[in-house]
Every structure is written in structure tokens, then in C-alpha cells.
> 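Structure below; questions to follow.
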Amino acid sequence: MPSNDKRIDAYIAKAQPFAQPLLIHFRNIVHTACPDVQETIKWGFPHFDYKDEMMCSMAAFKQHCAFGFWKASLMKDKSLKAHADSESAMGHFGRVTSFDDLPSDKKLIAYIKEAMKMNDEGIKVEKKPVAKKKKELVIPPYFLAVLTKNKKALAVFTGFSYSNKKEYVEWITDAKSEETRQNRLETAITWISEGKVRHWKYLKK
């Protein structure tokens with residue numbers, strides 16, 4: 001069995017107390033269902049790959065956890081994607097705060113086995129065609145959630161140009177760790193509420 005990624009050990013250790021047993025449980029279930037799983041960190045949170053392809057992931061926030069499958073849109077249970085689309089969480093089980101919010105172990109294992117089979121068969125998620133129209137900036141849900149809590153920052157950000165918005169989004173999403181991302185989020189909200197663009201320090205006075 002592949003060894004655990006120490007970065008995920010550290011991620012779980014830094015998670016909120018309520019989240020730690022949930023993360024450990026999901027991780028163990030993945031290893032039980034898929035002994036050849038490959039652990040890694042992508043975009044700042046734990047991912048579980050199989051045959052060098054993404055399979056599923058998990059993440060912890062201040063008040064909830066999120067668990068998801070990379071190819072959920074192709075899985076038999078369409079409620080997975082539907083649930084994710086209707087929630088602010090990025091996972092396919094909504095905002096998980098306790099074991100009551102998770103499917104049974106049997107069901108989780110079935111989901112993982114199905115995801116493994118798709119990787120075995122080389123099934124790919126179809127890429128959406130690139131629109132030729134004006135680019136639409138995708139603002140991460142966690143960034144938008146913080147913005148909406150600060151009316152002044154939201155108003156200023158809404159009035160920013162596309163490029164000014166993009167600079168803040170890229171700065172935050174490029175963070176290598178959850179701690180760095182949180183620090184950048186706090187700084188961004190402060191600067192935006194003051195009417196400052198991302199690189200305001202370098203503007204000519």
C-alpha cells in the first residue's frame with residue numbers, strides 16, 4: 001500500500017477539531033476501497049489520484065468539510081453533481097459538519113469503486129468549449145462569500161475593471177497553502193474596502 005502523504009497529515013492536523021475525524025474517516029475509506037490510491041495536494045487541499053488521474057478530494061473549512069469526485073458529472077448517481085450545484089460548498093455531499101451528513105461507508109466505497117472504474121477505462125471529463133465571447137471571470141465561492149459579508153468591499157470590487165478583479169482572484173487562488181490563502185483573503189478585503197487595486201503600491205502618485 002502506498003505511504004500516506006505527510007502534507008495531508010499536516011493538513012488534517014491543522015483542521016478544526018470537528019473536521020479532523022471526518023477527514024481521517026474519508027481518507028481511510030478511500031484507502032480501503034482503492035489500495036493503489038496516490039495521495040497528493042492540489043490547489044491547497046488533499047486529492048486522491050488513481051492511475052495518475054484525479055479521482056476524489058476533500059477539504060476542510062472553518063465550519064464545514066467538503067468531499068467530491070472529479071468525474072461526478074459522469075457517475076450514475078446524478079444527485080452528486082446536483083447537490084454540489086445547489087450548494088456553496090465545492091463538494092458533492094454539500095456542507096459536511098458531522099458523520100450524519102456523509103453517505104454510509106458502503107455507499108462511499110461504491111462511489112469510489114465507480115470512480116476507479118472510470119479511470120481504469122480511461123473515461124475523461126469533456127472539456128467545455130472555449131467561448132469566443134468576452135471572458136467571464138470565475139470568482140471562487142470562498143472569495144465571493146467573504147466579499148458579500150463586506151458591503152463596501154463588494155461594491156468596490158464590483159466596480160473594478162476585469163483586469164483589476166482578475167489580479168485579486170489570481171493572487172488568492174495561487175496561494176500554496178490554506179493559511180496563505182486566508183491571509184491573502186483578509187488583506188484583499190481590507191485593500192478593496194479602501195478602494196485599492198491589487199498592485200496599488202506601485203501606482204504612480
Side-chain angles (χ1 to χ4, degrees), residues 7-8 10-23 25-27 41-48 54 56-70 72-73 79-103 125 128 131 134-200:
R7 294 174 298 171
I8 295 182
Y11 184 95
I12 294 175
K14 291 180 180 179
Q16 295 292 330
F18 84 90
Q20 292 180 10
L22 292 169
L23 298 174
H25 180 71
F26 187 80
R27 185 189 200 184
I41 292 286
K42 298 176 182 177
W43 304 304
F45 54 95
H47 277 69
F48 302 97
M54 287 192 287
C56 55
S57 63
M58 64 184 190
F61 302 95
K62 289 185 177 180
Q63 298 181 340
H64 73 279
C65 293
F67 304 95
F69 292 88
W70 180 246
S73 61
S79 67
L80 291 175
K81 186 175 184 300
H83 199 171
D85 289 343
S86 66
E87 295 287 340
S88 60
M90 61 185 172
H92 295 109
F93 307 120
R95 298 169 66 88
V96 178
T97 60
S98 70
F99 284 96
D100 292 336
D101 298 323
L102 279 175
V125 176
K128 295 181 180 179
K134 184 179 179 180
K135 294 181 180 179
E136 182 178 350
L137 183 64
V138 178
I139 303 174
Y142 56 81
F143 185 19
L144 188 59
V146 176
L147 273 173
T148 54
K149 292 180 181 179
N150 188 312
K151 293 183 179 179
K152 187 174 182 180
L154 180 60
V156 173
F157 188 81
T158 301
F160 275 164
S161 66
Y162 175 86
S163 59
N164 285 335
K165 292 177 181 177
K166 183 179 179 182
E167 287 174 350
Y168 268 115
V169 170
E170 289 184 341
W171 183 50
I172 291 170
T173 56
D174 284 346
K176 301 300 182 183
S177 68
E178 179 67 19
E179 182 179 0
T180 299
R181 186 177 70 178
Q182 289 299 325
N183 289 336
R184 289 183 181 181
L185 271 173
E186 293 175 8
T187 300
I189 294 302
T190 299
W191 286 353
I192 294 171
S193 63
E194 295 174 353
K196 297 175 179 177
V197 296
R198 164 73 179 91
H199 298 294
W200 62 272

> Ignoring hydrogens and angles, state whether a donor on the side chain of Q182 or E178 is under 3.5 Å from an acceptor on the partner side chain.
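Yes, because at least one side-chain N or O of Q182 sits under 3.5 Å from a partner of the opposite role on E178.
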
> Using every non-hydrogen atom in the two residues, find where A188 and I172 come nearest and quote the distance to one decimal.
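In this case the closest contact between A188 and I172 is CB-CD1, 4.0 Å.
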
> Is any side-chain heavy atom of I189 less than 4.5 Å from a side-chain heavy atom of L185?
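SC-SC contact between I189 and L185 ruled out.
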
> Quick one: pull up CZ in F26 and SG in C56 and give me the separation to the nearest 0.5 Å.
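The CZ atom of F26 sits 4.5 Å away from the SG atom of C56.
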
> Rounded to the nearest 0.5 Å, how far apart are CZ of R184 and CH2 of W191?
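So the CZ of R184 and the CH2 of W191 are separated by 10.0 Å.
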
> Quick one: closest heavy-atom pair of V125 and S73, and the distance?
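Closest heavy-atom pair between V125 and S73: CG1-OG, 4.4 Å.
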
> Which pair of heavy atoms, one from A153 and one from N150, lies closest together, and at what distance?
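Closest approach of A153 to N150, heavy atoms only: N-OD1, 2.9 Å.
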
> Could you measure the distance from the NZ atom of K176 to the CD1 atom of I41? Nearest 0.5 Å is fine.
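Reported to 0.5 Å precision, the distance equals 12.5 Å.
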
> In Å and rounded to the nearest 0.5 Å, what is the CG to CD1 distance from L23 to I8?
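With rounding to 0.5 Å, CG (L23) is 10.0 Å from CD1 (I8).
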
> Does the side chain of C65 reach to within under 4.5 Å of the side chain of T97, using non-hydrogen atoms?
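No, too far: nothing below the 4.5 Å cut-off.
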
> Between W43 and H47, how do the two ring planes meet: parallel, tilted or perpendicular, split at 30° and 60°?
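Correct class here is perpendicular.
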
> Can you find a heavy atom in the side chain of T187 that is under 4.5 Å from one in the side chain of W171?
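T187 vs W171: side chains touch.
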
> For residues N164 and R198, determine if any side-chain heavy atom of one lies less than 4.5 Å from a side-chain heavy atom of the other.
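A side-chain contact is absent here, since even the closest heavy-atom pair is not under 4.5 Å.
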
> Using 30° and 60° as the class limits, which term best fits the ring planes of F67 and F93: parallel, tilted or perpendicular?
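Correct class here is tilted.
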
> Do K165 and I139 come close enough that some side-chain heavy atom pair is under 4.5 Å?
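No; the side chains remain at least 4.5 Å from each other.
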
> P140: what forms a side chain to side chain contact (heavy atoms under 4.5 Å, CB included) with it, not counting sequence neighbours?
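Only Y142, F143, V169, T173 meet the side chain to side chain contact (heavy atoms under 4.5 Å, CB included) criterion with P140.
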
> Could you tell me the separation between the CZ atom of R27 and the OH atom of Y11, rounded to the nearest 0.5 Å?
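Spacing of CZ (R27) from OH (Y11) equals 12.5 Å.
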
> Heavy-atom count around E194 CD within 6.0 Å, excluding the residue itself: above 12?
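Above 12, so yes.
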
> Check the surroundings of atom NZ in K149: do more than 12 heavy atoms from other residues, nucleotides or ligands lie under 6.0 Å from it?
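Check fails, neighbour count at 12 or below.
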
> Show the atom names and distances, to 0.1 Å, of all donor-acceptor pairs under 3.5 Å that link a side chain in residues 12-20 to residues at least two apart or in another chain.
unit_1, atom_1, unit_2, atom_2, d
Q20, NE2, A13, O, 3.3
Q20, NE2, A15, O, 3.0

> For residues H25 and L102, report the shortest heavy-atom separation together with the two atoms involved.
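Answer, listing the atom of H25 first, then L102: CD2-CD1, 4.4 Å.
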
> From L137 CG over to K166 NZ, what is the distance, rounded to the nearest 0.5 angstrom?
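Output value for this atom pair is 8.0 Å.
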
